[in-house]
Colleague: 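Handing you a structure now.
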Amino acid sequence: ITGGSSVTLFDATDAVEIIRQASGTDLNTIFGFSINEALEVAKANSDIYVFAGTYSEAVSIATEGISIYGPNYNISGTSERNNEAVITALFNVNASNVTLNGIAFEGTSSIILGAVSNTKLLNLYCTASSSFASPLALEAIVYSNNKLNNLIISDSYFYSTNTIYRPIVLVETVTNLTIENNYIGNATGTNLDELAVSVYKVAGEFKLQDNEIDFTTNNFSLYIGYDENSCTEMWIKDNFISGNKTAAIEIRNFNSTTGGAVHIVGNTIEKSITGNNFNFSGCTGNVYVKYNYFNNCTYKLTNKGSNTTFANNYYNPAPTVAPYSTEYNNNSSYTNEQRLADYASDTNYNGGLTTYTISYYNGDTLLTNLYPLKYVENSNVIILPEYKLAGYNFLGWYDNKEFNNDPITEIPAGSTGDIVLYAKLEEIVYSDITVTFDYEGGVTEELYKTKGTLNSTLIVDSYNGN
């Protein structure tokens, strides 16, 4: 059952005696694929839905355009979630245009990326305690020693009780990397030389924004561009960065000559007991450290770089180490309220730009599980999400209920104004078919059934840990 469309997942115990398919032909199927069995028969651009359960097999994706959805697809890793589809072994992605959405990774699991493009890791829940040991002897949940293009890690939860652990380790050049809306944390311990996010070679645009990074280490929480940095623009924006030891940021070798800069803005950095340490070694491009809230910190600076500006930051307590102290002493009466107001009015940053909403509707019903839900006036092109509803084909988004004019697939760069979109759907015409289940001796006599539209979709279930 392969192809390129999608389906809403139903629980495997729903009692439906006949699976219906638009083709009207009899379907002879083995119910309960393993993930690898589904991948073996999946064509490019197929969707695979995985039921809750534990999957102990190592997985390798070699077909382009595969999307794998767990029971918690489009549910943030930091939100209340359904029962998980749990991966406990290595998960290799060796094809481009792959999406993992709503899956959990535990035990010794890791996501290992080959030389791929357009990978999306969304809404994951990762609590592995002993993950893949990379060639650098670094245990990691997300690891690659290959060149990557257009990687997005979003709305996920990373936590480990093992302090010999680096959640995100990318060794070779990553061009255009976005890490946003994640929680990244670890347990306290005695081995505290680890890094929350380590990206050794970066290029294009780097965005790390709206994350909570609560990572205990004597090292740097963020470790970017150590070997190579050819980024045109770098954003570390609106994050909450905390640690019982050091909440520190190291960005090296930023030398953009195209007018871009490093922007460390709007962050809350706190509980840095042994030192909030910035290191901008090898940076000759502009670095702006602005509008940040330093709370309950001590202060260090290993290397300021050549063109670094500290401005409009709020410090508690007052710093005694330059350049923090230089800024503070020039305006010691500067308040946190002033910082927030200045940030909101600064047109060089999103905080100074108008934010607009994006609303999605199916008829008169507001859809709340799609994103993005907002954009700002200087946004780049925004690709709109696909809407999935059982029993229907999605025909596109329209800006009117009558579905006049052409469907809208993206919000152009530089757009302004609130946007309301309506999903155009086409009901699939079903005819009843006979389904033969071949259990291969692997399930009980109880008949497991599902309902939904199985054209162009593979559904994976977990039996006996497989």
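Quick note: residue numbers are just sequence positions, from 1. Computed from a predicted model, the values in this text were never measured in an experiment.
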Colleague: Write down the atom of Tyr288, the atom of Ala261, and the distance for their closest heavy-atom approach.
Modeller: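 Distance-wise, the nearest heavy atoms are CE1-CB, 3.7 Å.
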Colleague: Report yes if the side chains of Ile419 and Tyr375 come closer than 4.5 Å at any heavy-atom pair, otherwise no.
Modeller: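 A side-chain contact exists here, since the closest heavy-atom pair is under 4.5 Å.
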Colleague: State whether the side chain of Asn267 and the backbone N or O of Asn239 hold a donor-acceptor pair below 3.5 Å, judged by distance alone.
Modeller: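 Answer holds: yes.
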Colleague: Between Thr99, Asn149, Asn150, which is the residue that forms a side chain to side chain donor-acceptor pair (under 3.5 Å) with Asn118?
Modeller: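 Of all the options given, the one that passes is Asn150.
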Colleague: Is it true that a side-chain atom of Ser221 and a backbone atom of Ala196 form a donor plus acceptor pair closer than 3.5 Å?
Modeller: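 Checked: no pair found.
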Colleague: Name all residues meeting the side chain to side chain donor-acceptor pair (under 3.5 Å) criterion together with Ser76; count only those two or more places apart in sequence or in a different chain, and write none if there are none.
Modeller: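 Partners of Ser76 under the side chain to side chain donor-acceptor pair (under 3.5 Å) test: Thr78.
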Colleague: Establish, from distance only, whether the side-chain atoms of Asn74 and Asn101 form a donor-acceptor pair under 3.5 Å.
Modeller: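 On atom types as modelled, these side chains qualify, holding a pair under 3.5 Å.
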Colleague: Hey, is the main chain of Glu270 close enough, under 3.5 Å, to the side chain of Asn295 for a donor-acceptor pair?
Modeller: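 No, because the side chain of Asn295 does not come within donor-acceptor range (under 3.5 Å) of the backbone of Glu270.
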Colleague: Atom CG of Leu170 and atom CD1 of Ile153: how far apart are they, to the nearest 0.5 Å?
Modeller: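 Leu170 CG to Ile153 CD1: 6.0 Å, rounded to 0.5 Å.
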Colleague: With distance as the sole test, does Asn211 use its side chain to make a donor-acceptor pair with the main-chain N or O of Asn182 at under 3.5 Å?
Modeller: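 Here the side-chain-to-backbone pair exists.
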Colleague: Counting distance only, does the side-chain N/O of Asn229 pair as donor-acceptor with the main-chain N or O of Arg252 below 3.5 Å?
Modeller: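 Between the backbone of Arg252 and the side chain of Asn229 there is a qualifying donor-acceptor contact (under 3.5 Å).
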Colleague: Which atom names give the shortest non-hydrogen contact between Cys283 and Ile251, and what distance separates them?
Modeller: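 Result for this residue pair: SG-O, 3.2 Å.
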Colleague: In terms of relative ring orientation, are Phe394 and Tyr387 parallel, tilted or perpendicular, with 30° and 60° separating the classes?
Modeller: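 The arrangement is perpendicular - the two ring planes meet at more than 60°.
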Colleague: May I ask you to test the Ser333-Asn331 pair for a side-chain heavy-atom distance under 4.5 Å?
Modeller: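 Side-chain contact under 4.5 Å: yes.
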Colleague: Can you tell me how far apart CG (Asp227) and CG (Asn253) are? Round to the nearest 0.5 Å.
Modeller: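 Output value for this atom pair is 8.5 Å.
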Colleague: Looking only at non-hydrogen atoms, find the nearest pair between Glu106 and Thr127 and report the distance.
Modeller: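 Reported closest heavy-atom pair: CG-OG1, 3.3 Å.
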Colleague: For Phe254, what residues pass the ring pair (Phe, Tyr, Trp, His ring centres under 6.0 Å) criterion, not counting sequence neighbours?
Modeller: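 Phe254 satisfies ring pair (Phe, Tyr, Trp, His ring centres under 6.0 Å) with no residue once adjacent residues are dropped.
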Colleague: Looking only at atom types and distance, does a side-chain atom of Ser198 sit under 3.5 Å from a main-chain N or O of Ile168, one as donor and one as acceptor?
Modeller: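 Yes.
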Colleague: Are a donor atom and an acceptor atom from the side chains of Tyr69 and Lys388 found within less than 3.5 Å of each other?
Modeller: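 Tyr69 vs Lys388: donor-acceptor pair found between side chains.
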Colleague: Would a 4.5 Å heavy-atom cut-off, applied to side chains only, mark Tyr334 and Asn312 as touching?
Modeller: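 They are in contact (side-chain heavy atoms under 4.5 Å apart), so the answer is yes.
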Colleague: Between Ser230 and Ala203, what is the shortest heavy-atom contact and its length?
Modeller: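 Nearest heavy atoms, Ser230 then Ala203: OG-CB, 3.2 Å.
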Colleague: Which atoms form the tightest heavy-atom contact between Pro167 and Ile184, and what is the distance?
Modeller: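 Minimum heavy-atom separation between Pro167 and Ile184: CG-CG2, 3.7 Å.
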Colleague: Where does the angle between the aromatic ring planes of His263 and Trp235 fall among parallel (under 30°), tilted (30 to 60°) and perpendicular (over 60°)?
Modeller: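 His263 vs Trp235 ring planes: parallel.
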Colleague: Looking at Ile35, Asn36, Ile48, Ile66, which hits side chain to side chain contact (heavy atoms under 4.5 Å, CB included) with Ile61?
Modeller: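 The residue from Ile35, Asn36, Ile48, Ile66 that satisfies side chain to side chain contact (heavy atoms under 4.5 Å, CB included) with Ile61 turns out to be Ile66.
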Colleague: Checking Ser256 side chain against Gly285 main chain: does a donor-acceptor pair fall under 3.5 Å?
Modeller: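 It does not hold such a pair.
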Colleague: Judged by atom type as modelled, is there a donor-acceptor pair below 3.5 Å linking the side chain of Asn82 to the main-chain atoms of Pro71?
Modeller: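 The answer is yes, because a donor-acceptor pair under 3.5 Å joins these two groups.
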Colleague: OG of Ser415 to CD1 of Ile382: how many Å apart, nearest 0.5 Å?
Modeller: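 Separation between the atoms: 7.5 Å.
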Colleague: Taking atom types as modelled, find out whether Asn279 and Asn303 have a side-chain donor-acceptor pair closer than 3.5 angstrom.
Modeller: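 No, no side-chain donor-acceptor pair sits under 3.5 Å.
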Colleague: Donor-acceptor pair, distance only, cut-off 3.5 Å: does the side chain of Thr108 make one with the backbone of Thr88?
Modeller: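 It does hold such a pair.
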Colleague: Let's go through Val50 and Ile87 carefully: what are the C-alpha distance in whole Å and the side-chain angles of both, what is the deciding distance for side-chain contact (heavy atoms from CB on, under 4.5 Å) to 0.1 Å, and is it a yes or a no?
Modeller: CA-CA 11 Å; Val50 183; Ile87 308 296; 5.9 Å; no
Colleague: Find out whether Ile152 and Leu122 are in side-chain contact, i.e. whether some heavy atom of one side chain is under 4.5 Å from a heavy atom of the other.
Modeller: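 The answer is yes, as the side chains (C-beta and beyond) meet within the 4.5 Å cut-off.
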Colleague: Quickly, which of Asp342, Asp346, Asn313, Asp238 forms a side chain to side chain donor-acceptor pair (under 3.5 Å) with Tyr291? Name it, please.
Modeller: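 Answer after filtering Asp342, Asp346, Asn313, Asp238: Asp346.
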Colleague: For Glu327 versus Ala311, what's the shortest heavy-atom pair and its separation?
Modeller: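 Scanning both residues, the minimum pair turns out to be OE2-C, 3.1 Å.
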Colleague: Verify the neighbour count for atom CG of Asn83: are there more than 12 heavy atoms of other residues, nucleotides or ligands below 6.0 Å?
Modeller: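 Counting neighbours around CG of Asn83, 12 or fewer heavy atoms of other residues, nucleotides or ligands fall under 6.0 Å, so no.
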Colleague: Heavy atoms, side chains only, cut-off 4.5 Å: are Ile408 and Leu421 in contact?
Modeller: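 With C-beta onward as the side chain, the pair touches.
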Colleague: Given side chains that start at C-beta, do those of Tyr223 and Tyr200 come closer than 4.5 Å, heavy atoms only?
Modeller: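 Tyr223 vs Tyr200: side chains touch.
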Colleague: Start with the C-alpha distance between Tyr324 and Phe310, add both sets of side-chain angles, then the distance that settles ring-ring contact (aromatic ring centres under 6.0 Å, His included), and finish with yes or no.
Modeller: CA-CA 7 Å; Tyr324 312 95; Phe310 284 75; 5.4 Å; yes
Colleague: Please assess Ile241 against Leu222 for the test side-chain contact (heavy atoms from CB on, under 4.5 Å), listing each intermediate value before the final yes or no.
Modeller: CA-CA 10 Å; Ile241 303 173; Leu222 307 177; 4.2 Å; yes
Colleague: Could you go through the side-chain contact (heavy atoms from CB on, under 4.5 Å) check for Tyr143 and Ser110 one step at a time?
Modeller: CA-CA 7 Å; Tyr143 173 81; Ser110 291; 5.7 Å; no
Colleague: Below 4.5 Å, heavy atoms only, C-beta onward: do Asn72 and Tyr125 meet side chain to side chain?
Modeller: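 Of all side-chain heavy-atom pairs linking Tyr125 with Asn72, none is under 4.5 Å.
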Colleague: Any sub-3.5 Å donor-acceptor pair from Ser156's side-chain atoms to Leu124's backbone N or O?
Modeller: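 Pair found, side chain donor or acceptor close to backbone of Leu124.
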Colleague: Begin from the C-alpha positions of Tyr73 and Asn123 and carry the test side-chain contact (heavy atoms from CB on, under 4.5 Å) through to its verdict.
Modeller: CA-CA 6 Å; Tyr73 74 87; Asn123 304 296; 5.9 Å; no
Colleague: Going by heavy atoms in the side chains, are Leu121 and Val93 under 4.5 Å from each other?
Modeller: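 No, their side chains stay 4.5 Å or more apart.
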Colleague: Would you give the length of the straight line joining atom CG of Leu148 to atom CG of Leu177, rounded to the nearest 0.5 angstrom?
Modeller: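 Interatomic distance, Leu148 CG to Leu177 CG, rounded to 0.5 Å: 8.5 Å.
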Colleague: What distance separates Ile141 CD1 from Phe105 CZ, expressed to the nearest 0.5 Å?
Modeller: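 One gets 8.0 Å once the value is rounded to the nearest 0.5 Å.
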Colleague: For this output row, return yes or no: ring centroids of Tyr422 and Tyr398 closer than 6.0 angstrom.
Modeller: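 No - the distance between ring centres of Tyr422 and Tyr398 does not fall below the 6.0 Å cut-off.
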Colleague: Find the distance between OG1 (Thr63) and CG (Asn97) and round it off to the nearest 0.5 Å.
Modeller: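 Atom-to-atom, Thr63:OG1 and Asn97:CG are 12.0 Å apart.
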